[in-house]
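Please read the structure below before turning to the comments.
Proteins get letters first, then strands, A, B, ... in listed order; numbering begins at 1 in each.
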Amino acid sequence: MRTIVAEDNASGKWQGRVNTRFPPEPNGYLHIGHAKSICLNFGIAAENPGGKCNLRFDDTNPCKEEQEFVDSIIADVKWLGWDWQDRLYFGSDYFGQMYEYAVQLVKAGCAYVCDLTAEETRQYRGTLTAPGKDSPFRSRTVEENLDLLARMKNGEFPDGSRTLRAKIDMAHPNLNMRDPVMYRILHESHHRTGDEWCIYPMYDWAHGLEDSIEGITHSICTLEFENHRPLYDWFLDQLGIHHPQQIEFARLNLTYTVMSKRKLFRLVAEGLVDGWDDPRMPTICGLRRRGYSPAAIRNFCRRIGINKFPGTVEIALLEHYLRQDLNKHSARVMAVLKPLKIVITNYPEGQSEELDAINNPEDPAAGIRKVPFSRELYIEQDDFMEEAPKKFYRLTPGREVRLRYAYFITCTDVVKNDQGNVVEVRCTYDPATKGGDSPDGRKVKSTLHWVCAEKSLPAEVRLYDNLFTKENPDNAEKGKDFTANLNPDSLQTLTNCRVEPSLADAKPLTRVQFERLGYFCVDADTEKQDKLIFNCTVTLRDTWARIQKKAQQKK
RNA sequence: UGGGGAAUAGUGUAACGGUAGCACGAAUGACUCUGAAUCAUUUAGUCAAGGUUCGAAUCCUUGUUCCCCAGCCA
């Protein structure tokens, strides 16, 4: 596709212009599939000198469209990092011009007013294999059509009583060419034009005109419109106006999620998720709340490429670009999700100190911060095992490990509760290893993250897994649908977490890496509920987890 | 049984008649104050069968499989 644009540019087909557009219908929230289209359209414009991409709302159906969606779409495209400058357009702004064009087509004998009901229209259309038959109103005179069209526009007829149709060919093998409806009567208030209109243009009629009026050069859309291209071309040819080239590409499918507006709507409507911006949703606002960065999404969209084959991209690829970007840009902090108390028995009671920690090893300019250390600390429950299996090289009785940026410690003893669970680990530390380096050069097998028991802050952490348990959620048993494949464990809330004090004033959408755990993002609920709440954006790659998993599979 | 499209490693994507390459994943190793990152190595592919050609993923023929279309939705 980029080749086509580049070649058109070289051949001067459009006088060296490149003007694409992203044309959403404001009837829902944008998702990662839209991001593919957004990055394609804005990306192609950006790659060509002088290239432009318009943001245009295709708002031709007042029954489904709302200002709320207009606002969210604008916010999402902007957040993704794209700029349409002063070219924010609405299809509804062209309703007057479209009507003029319709009159022109009627005068040319290329369109007629049809009195068939919706049901009759369907019957007359024929089937995939059988041709349709002409509407009895097909042969009305131009004068009569002009009169009826004007009266349709003036509101003289009830909803659904008449349509304006293009006069093409009721026997055409492409159903879209069997006298398609151009206007329907809808006494419905539009979110922008109010009650000015009671006839509204259909997609096929409106879309090409919108493209033409804006001087679009390349009209990029998804595969299901391939069948509509002959009609797109027909309207523009009949009118003899600027005629952009429509090019189709396959929409994005991702494993372990659903992408259709209808299905996402159901998840929200049925309370199966917590709203459009639920961090498990593939919506742009959901991904944003989850902690995704715009750059990660853009890089992903660039890499998945453009095609005409409806494939499914692995969610792992998205996560790869996520980690790649977050690794470079996220500040590191220490947080303990499932705390296990440790007591440094040879560290003086009541004493504490501040240790230097590097904010981001990938970015020296990010500097250092202080973290408090004292006699009592928390480490991760997963980082201690009383009886360590072969490849476990974290803390276990008798073993020395490093506390990151702090000291080497050796486990000397454990304290158990009545159920026999370890509730406290006792260790000694080596004062000579302050900062985490051993003067004698001795090595430890692992480095653990930790927080000070007293000075760390309580926090809630929300862990996420795929929303669905199957790669293709639609692959459900007979009689069931995708909701049967919802993952019951897609959200896990941990309420006893501890984070280092530097996070005290973290604002929503702040992205950090919890060392050795993953990337986390401060949730909007932090301000509402007045406590620190983090979403797990994505975990770090975890070799140990894979080793464990393999060991279990062997059993 | 009509029409329109599409098929390249597990996944996604290049190669436009001239060495099938890249990324993700997976595996192995090195390194490491994150079992992260980084680095190295390995793994694995042209839907099928014919044909044209010195040479075919690419051109031709036939077949197979998949996607889309019968809204007064977009």
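- Between B:A44 and B:C22, the distance separating the two P atoms is 15 Å to the nearest Å.
- At a cut-off of 3.5 Å, with distance as the only test, no side-chain donor of A:His172 or A:Arg178 sits close to an acceptor on the other residue.
- Across B:A70, B:G35, B:C24, the shortest atom-to-atom separation from the side chain of A:Arg516 is found for B:G35.
- In this model, a side-chain donor or acceptor of A:Arg303 finds a partner on the base of B:C22 within 3.5 Å.
- Straight-line distance between the P atoms of B:G12 and B:C54: roughly 37 Å, to the nearest whole Å.
- B:A56 and B:C16: their C1' atoms are spaced 12 Å apart (whole Å).
- Nucleic acid contact for A:Pro201: sugar-phosphate only, since backbone atoms but no base atoms lie under 4.0 Å from a heavy atom of the residue.
- In this structure, A:Asn307 reaches the sugar-phosphate backbone alone: every heavy-atom distance under 4.0 Å involves primed, P, OP1 or OP2 atoms, never a base.
- For the pair A:Lys153 and A:Tyr99, the cation sits on the ring face: its NZ or CZ lies under 6.0 Å from the ring centre, inside 45° of the axis.
- Contact annotation for A:Pro361: base contact, defined as any heavy-atom pair under 4.0 Å involving a base atom.
- Across every strand in view, B:A49 sits in a pair with B:U61 that passes the Watson-Crick or G-U test at under 3.5 angstrom.
- Geometrically, A:Arg162 engages A:Phe157 in a cation-pi contact, judged by NZ or CZ lying under 6.0 Å from the ring centre and within 45° of the ring axis.
- Across all strands shown, A:Gly436 has heavy atoms under 4.0 Å from base atoms, whether or not it also approaches the sugar-phosphate.
- Sequence order on RNA chain B of the closest nucleotides to A:Ile547 and A:Pro310 puts A:Ile547 first from the 5' end.
- For B:G3, the base has a donor-acceptor partner in the side chain of A:Asn227 [N/O atoms by modelled type, under 3.5 angstrom].
- Nucleotide B:C73: unpaired (no Watson-Crick or G-U wobble partner with both distances less than 3.5 Å).
- In this structure, A:Lys64 reaches the bases: a heavy-atom distance under 4.0 Å links it to at least one base atom across the strands shown.
- Listed nucleotides B:C73, B:U1, B:C69 differ in distance to A:Thr129; the shortest reach to its side chain belongs to B:U1.
- Here A:His228 lies in heavy-atom contact (under 4.0 Å) with a base.
- Among the heavy atoms of the strands, none lies under 4.0 Å from A:Gln324.
- Residue-level contact check: A:Ser446 touches neither bases nor backbone, having no heavy atom under 4.0 Å from any strand.
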Enumerate, atom names and distances included, each donor-acceptor pair closer than 3.5 Å involving a side-chain atom of residues 205-212 of chain A, sequence neighbours excluded.
from	atom 1	to	atom 2	distance (Å)
A:His207	ND1	A:Asp58	OD2	2.9
A:His207	NE2	A:Arg21	NH1	2.7
A:Glu210	OE1	A:Arg56	NE	3.2
A:Asp211	OD1	A:Arg56	NH1	3.3
A:Asp211	OD1	A:Arg56	NH2	2.6
A:Asp211	OD2	A:Ser219	OG	2.7
A:Asp211	OD2	A:Tyr232	OH	2.8
A:Ser212	OG	A:His242	O	2.6

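- Judged by Watson-Crick or G-U wobble contacts below 3.5 Å, the nucleotide B:C22 has B:G12 as its partner.
- The aromatic rings of A:His31 and A:His34 are tilted relative to each other, their planes meeting at an angle between 30° and 60°.
- Relative orientation of the A:Trp450 and A:Phe373 rings is perpendicular, given thresholds of 30° and 60° on the angle between their planes.
- Using a 4.0 Å heavy-atom cutoff across all strands shown, A:Tyr405 reaches at least one base atom of the nucleic acid.
- A donor-acceptor contact under 3.5 Å links the side chain of A:Glu314 to the base of B:G10.
- Taking the side chain of A:Arg394 as heavy atoms from C-beta on, and the options B:A26, B:G35, B:G2, the nearest nucleotide is B:G35.
- Pair check for B:A56 finds none; no Watson-Crick or G-U wobble contact set falls under 3.5 Å.
- Across all strands shown, A:Thr255 has no heavy atoms under 4.0 Å from either base or sugar-phosphate atoms.
- Between the side chains of A:Gln552 and A:Gln548, no donor-acceptor pair of N or O atoms lies under 3.5 Å.
- Applying the 4.0 Å criterion to OP1 and OP2 of B:A36, one finds that A:Thr543 has a side-chain N or O inside that range.
- Here the side chain of A:Asp542 is nearest to one of B:G35, B:U34, B:A74, namely B:G35.
- If you check every strand for non-hydrogen atoms under 4.0 Å, A:Arg323 touches nothing.
- In this pair, A:His228 and A:Tyr203 present their aromatic rings perpendicular. The plane angle is above 60°, beyond the 30 to 60° band.
- Residue A:Thr127 has its side chain nearest to B:A70 when only B:G12, B:A70, B:A74 are considered.
- At a threshold of 4.0 angstrom between heavy atoms, the contacts of A:Lys391 include nucleobase atoms, whether or not backbone atoms are also involved.
- A side-chain donor from one of A:Glu25 and A:Asn27 sits under 3.5 Å from a side-chain acceptor of the other.
- Proximity of A:Arg125 to the phosphate of B:G71: a side-chain N or O atom is located under 4.0 Å from OP1 or OP2.
- Comparing atom distances between the A:Thr447 side chain and each of B:G5, B:G2, B:U34 picks out B:U34 as nearest.
- Across all strands shown, B:U38 pairs with B:A30; the Watson-Crick or G-U wobble distances both stay below 3.5 Å.
- Nucleotide B:A44 has no partner under the Watson-Crick or G-U criteria, as no pair reaches both atom distances under 3.5 Å.
- The aromatic ring of A:Trp544 stacks onto the base of B:G35, its centre lying under 5.5 Å from the centre of the six-membered base ring with the two planes under 30° apart.
- Of the candidate nucleotides B:U28, B:C69, B:C73, B:C69 has the atom lying nearest to any side-chain atom of A:Asn176.
- Neither OP1 nor OP2 of B:C72 sits under 4.0 Å from any side-chain N or O of A:Arg165.
- Look at B:G29: its glycosidic torsion is beyond 90° from 0, and that puts it in the anti range.
- Of the candidates B:A36, B:C69, B:A7, B:C69 carries the atom nearest the A:Leu175 side chain, counting heavy atoms from C-beta on.
- Across all strands, A:Ile306 comes closer than 4.0 Å only to sugar-phosphate atoms, never to a base (heavy-atom distances).
- Distance from the side chain of A:Arg541 is smallest for B:A37 among the nucleotides B:A23, B:A7, B:A37.
- At a threshold of 4.0 angstrom between heavy atoms, the contacts of A:Leu231 with the nucleic acid are absent.
- Checking B:C73, B:A70, B:G5 against the side-chain heavy atoms of A:Glu226 singles out B:G5 as nearest.
- No donor-acceptor contact under 3.5 Å links the side chain of A:Arg229 to the base of B:G4.
- Map A:Pro173 and A:Phe225 each onto its nearest nucleotide of RNA chain B; the residue landing nearer the 5' end is A:Pro173.
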